[in-house]
Amino acid sequence: MAAHTHEHKDTTDTGDTADTDVLIVGAGPTGLALAVDLARRGVRALVVERAGELFPGSRGKGIQPRTLEVFDDLGVLDAIRAGGGAYPVGMIWRDGARLGEHRMFDETEVTEAEPYAGVPWMVPQWRTQEILFARLEELGGSVAFGRELTGLSQDADGVTAAFASGAPVRARYAVAADGGRSAVRRALGIGMTGETVDPGPAIVADLRISGLDRDNWHVFPPADGEGFLAICPLPHTEDFQLAGGFEDPAAEPDLSLDGIRKLVATRTHLAADDVTEVRWASDFRPRAAMADRFRQGRVFLAGDAAHVHSPAGGQGLNTSVQDAYNLGWKLAAVLRGEAPGSLLDSYEEERLPIVAHMLGLSTRVHRGEVRRGTATQQLGLGYRNSSLVRETREGLPEDALHAGDRAPDGTRGGVRLFDAFRGPHWTLLAVGTDTTDLPGLAARTVRIPAYEAYGTGVFLVRPDGYVGWAGETAEGLAEYAAGVGVGPGVAGQAVSGAVG
């Protein structure tokens, strides 16, 4: 597929003539989410993918509540909802008999402030990628398939990428979204530091199978030195995802149809012939690792190129999409000349500690030390310690909303906040205050009555849905806004309950 071409537009970032503003290497969930975010901001981005098509497997199938909020903002939530389903209840089997149900997730309460809480939403990874790809095309972008990166160099003005075939590409910035074996990361010489989570290999496969209902996630505990096996129906398909582990570190999983048939026949009550087709299969060694840095010059690492997780916690794809969501608005602000280049320093500052925390959490889930619940939903993650946020109020309780926290949803005065936040803009939110000194900013202005999720005050909500600035009044807000790329605009004239 040929790369989509956009009319060239100059930016104030450099005087360098580039083929594109941002080169995104890799068309997985990370690269596609970033491309969608940049496309809606009018930034020229070229997505290149080594393979000839989108990834075909179901691997990262759990979409956490915070990622659903991101997908809401990116305009794909309805498709994600339609393309997925709730996780089925686990069913424990032994010797062909059902032993009882197993609840894999601690369900959390759906609230006005957290409308997508509960449990993750199951969507096969290939479908999530198809949905993001369709959204990218809708916004005028595309993916250049069959472009294998062979070299990367950079200078003060941009990045030059070489490929096994086709012309080199010159870009102002590049983002490595090319997975755990990232060619970009290797080209940069950035190391990965981590640990093996499980000494034995694991297998994940999409298969067609008879003899199991589609109402349960079927779990076959280890017996006689064998590893675990779980078989989960994938919504709106005829497929099941098989996941299994091997206790022997020297084991070499057989990914063929016969090999997977033998595995199923050995560890379950099913016959080998009950497996009728293997549609995709992969083996891996569960590992937790993080790149030593997330940025080198004009190149950024995101997703699996920056961190690899055990799949047990359902955090890898979700953390990766959050990387893209954090980076997209910052790249756009710098490329458009709205913010200084130093804004991009906050990407590693904000994401690296979050990633380190989530790696630890997913490893503990893998080892059975923590259940999947509130922590794995990613709604409580934030950037309170970031140099990019400013909290001007004093004496706040720990559980109060602070600058750096995720901005809650809710409807007050006829305005749903997520509707107001949706889009690439900043949002100036006045809650329970009639203050008339709101500065004129290039931001959407919203006034609502007092709301317990916020208390009262003035909040500037970032494009990625986190509170950037918070105060009892707007004193000092204009100065903060100028430093993060929110320029002057028409002063907010919205009346109570209205969006301006």
Side-chain angles (χ1 to χ4, degrees), residues 1-55 129 132-133 136-137 139-179 181-190 291 294-306 320 323-324 327-328 330-332 334-337 341 344 347:
M1 181 182 298
H4 184 83
T5 57
H6 296 263
E7 181 181 351
H8 179 80
K9 63 178 185 300
D10 291 325
T11 77
T12 57
D13 178 54
T14 75
D16 181 54
T17 300
D19 299 316
T20 190
D21 289 329
V22 182
L23 173 66
I24 301 171
V25 183
T30 311
L32 291 171
L34 177 60
V36 167
D37 199 15
L38 292 174
R40 68 180 181 151
R41 298 173 186 282
V43 173
R44 297 176 308 145
L46 173 63
V47 185
V48 294
E49 167 58 48
R50 180 182 63 179
E53 61 182 5
L54 294 174
F55 175 74
Q129 293 179 187
L132 288 168
F133 181 58
L136 178 60
E137 290 190 313
L139 291 167
S142 68
V143 175
F145 291 99
R147 298 298 305 276
E148 180 177 2
L149 185 92
T150 57
L152 193 74
S153 61
Q154 59 177 311
D155 52 43
D157 296 322
V159 179
T160 302
F163 300 91
S165 62
V169 171
R170 179 75 174 168
R172 287 181 167 81
Y173 294 96
V175 179
D178 53 342
R181 298 181 178 89
S182 171
V184 176
R185 191 186 65 236
R186 291 200 305 270
L188 294 173
I190 297 176
F294 289 4
R295 180 187 185 184
Q296 186 163 307
R298 288 176 168 265
V299 185
F300 300 84
L301 306 186
D304 287 358
S320 298
D323 292 344
L327 182 58
K330 296 173 181 178
L331 279 170
V334 172
L335 284 162
R336 291 197 301 253
L344 296 172
Y347 170 67

Engineer: Distance from Leu38 atom CG to Asp21 atom CG, nearest 0.5 Å?
Structural biologist: 8.5 Å
Engineer: Suppose we screen for side-chain hydrogen bond (donor to acceptor under 3.5 Å, both in side chains). Which residues come up paired with Thr20, at least two apart in sequence or across chains?
Structural biologist: none
Engineer: Restricting to non-hydrogen atoms, name the atom on Val47 and the atom on Ser142 that form the minimum distance, rounded to 0.1 Å.
Structural biologist: CB-O, 3.9 Å
Engineer: Got a second to check how far Asp178's CG is from Arg186's CZ, nearest 0.5 Å?
Structural biologist: 8.0 Å
Engineer: Identify the two heavy atoms, one from Ala161 and one from Leu152, that lie closest to each other, and give their separation to 0.1 Å.
Structural biologist: CB-CD1, 3.8 Å
Engineer: With heavy-atom distances below 4.5 Å as the criterion, would you say the side chains of Val48 and Leu149 are in contact?
Structural biologist: no
Engineer: Between CG of Leu331 and CG of Leu34, what distance do you get to the nearest 0.5 Å?
Structural biologist: 6.5 Å
Engineer: Provide the closest heavy-atom pair for Arg298 versus Asp155 in the form atom of the first, atom of the second, distance.
Structural biologist: CD-O, 3.9 Å
Engineer: Can you tell me how far apart CZ (Phe294) and CG (Leu327) are? Round to the nearest 0.5 Å.
Structural biologist: 11.5 Å
Engineer: Would you sort out whether Arg170 and Asp19 count as a salt bridge (charged side-chain N to carboxylate O under 4.0 Å, His left out), showing the intermediate values?
Structural biologist: CA-CA 5 Å; Arg170 179 75 174 168; Asp19 299 316; over 6 Å; no
Engineer: Measure the acute angle between the ring planes of Phe133 and Phe145, then classify it against the limits of 30° and 60° as parallel, tilted or perpendicular.
Structural biologist: perpendicular
Engineer: Can you name the closest pair of heavy atoms from Leu188 and Gln296 and give their distance?
Structural biologist: O-NE2, 3.4 Å
Engineer: Can a donor-acceptor pair be found, under 3.5 Å and without considering hydrogens, that links the side chain of Arg50 to the backbone of Gly146?
Structural biologist: no
Engineer: Residues two or more places apart in sequence or in another chain: which of them pass salt bridge (charged side-chain N to carboxylate O under 4.0 Å, His left out) with Arg295?
Structural biologist: Asp345
Engineer: Minimum heavy-atom separation for Ser182 to Ala176, with atom names?
Structural biologist: OG-CB, 4.0 Å
Engineer: Shortest non-hydrogen contact from Pro29 to Gln129?
Structural biologist: CD-OE1, 3.0 Å
Engineer: Using the test salt bridge (charged side-chain N to carboxylate O under 4.0 Å, His left out), find all partners of Asp37 that sit at least two apart in sequence or belong to another chain.
Structural biologist: Arg40, Arg41
Engineer: Using the six-membered ring wherever Trp is involved, compare the ring planes of Phe300 and Tyr173 and label them parallel, tilted or perpendicular (cut-offs 30° and 60°).
Structural biologist: tilted
Engineer: So, do Val159 and Leu23 sit near enough that their side-chain heavy atoms are less than 4.5 Å apart?
Structural biologist: no
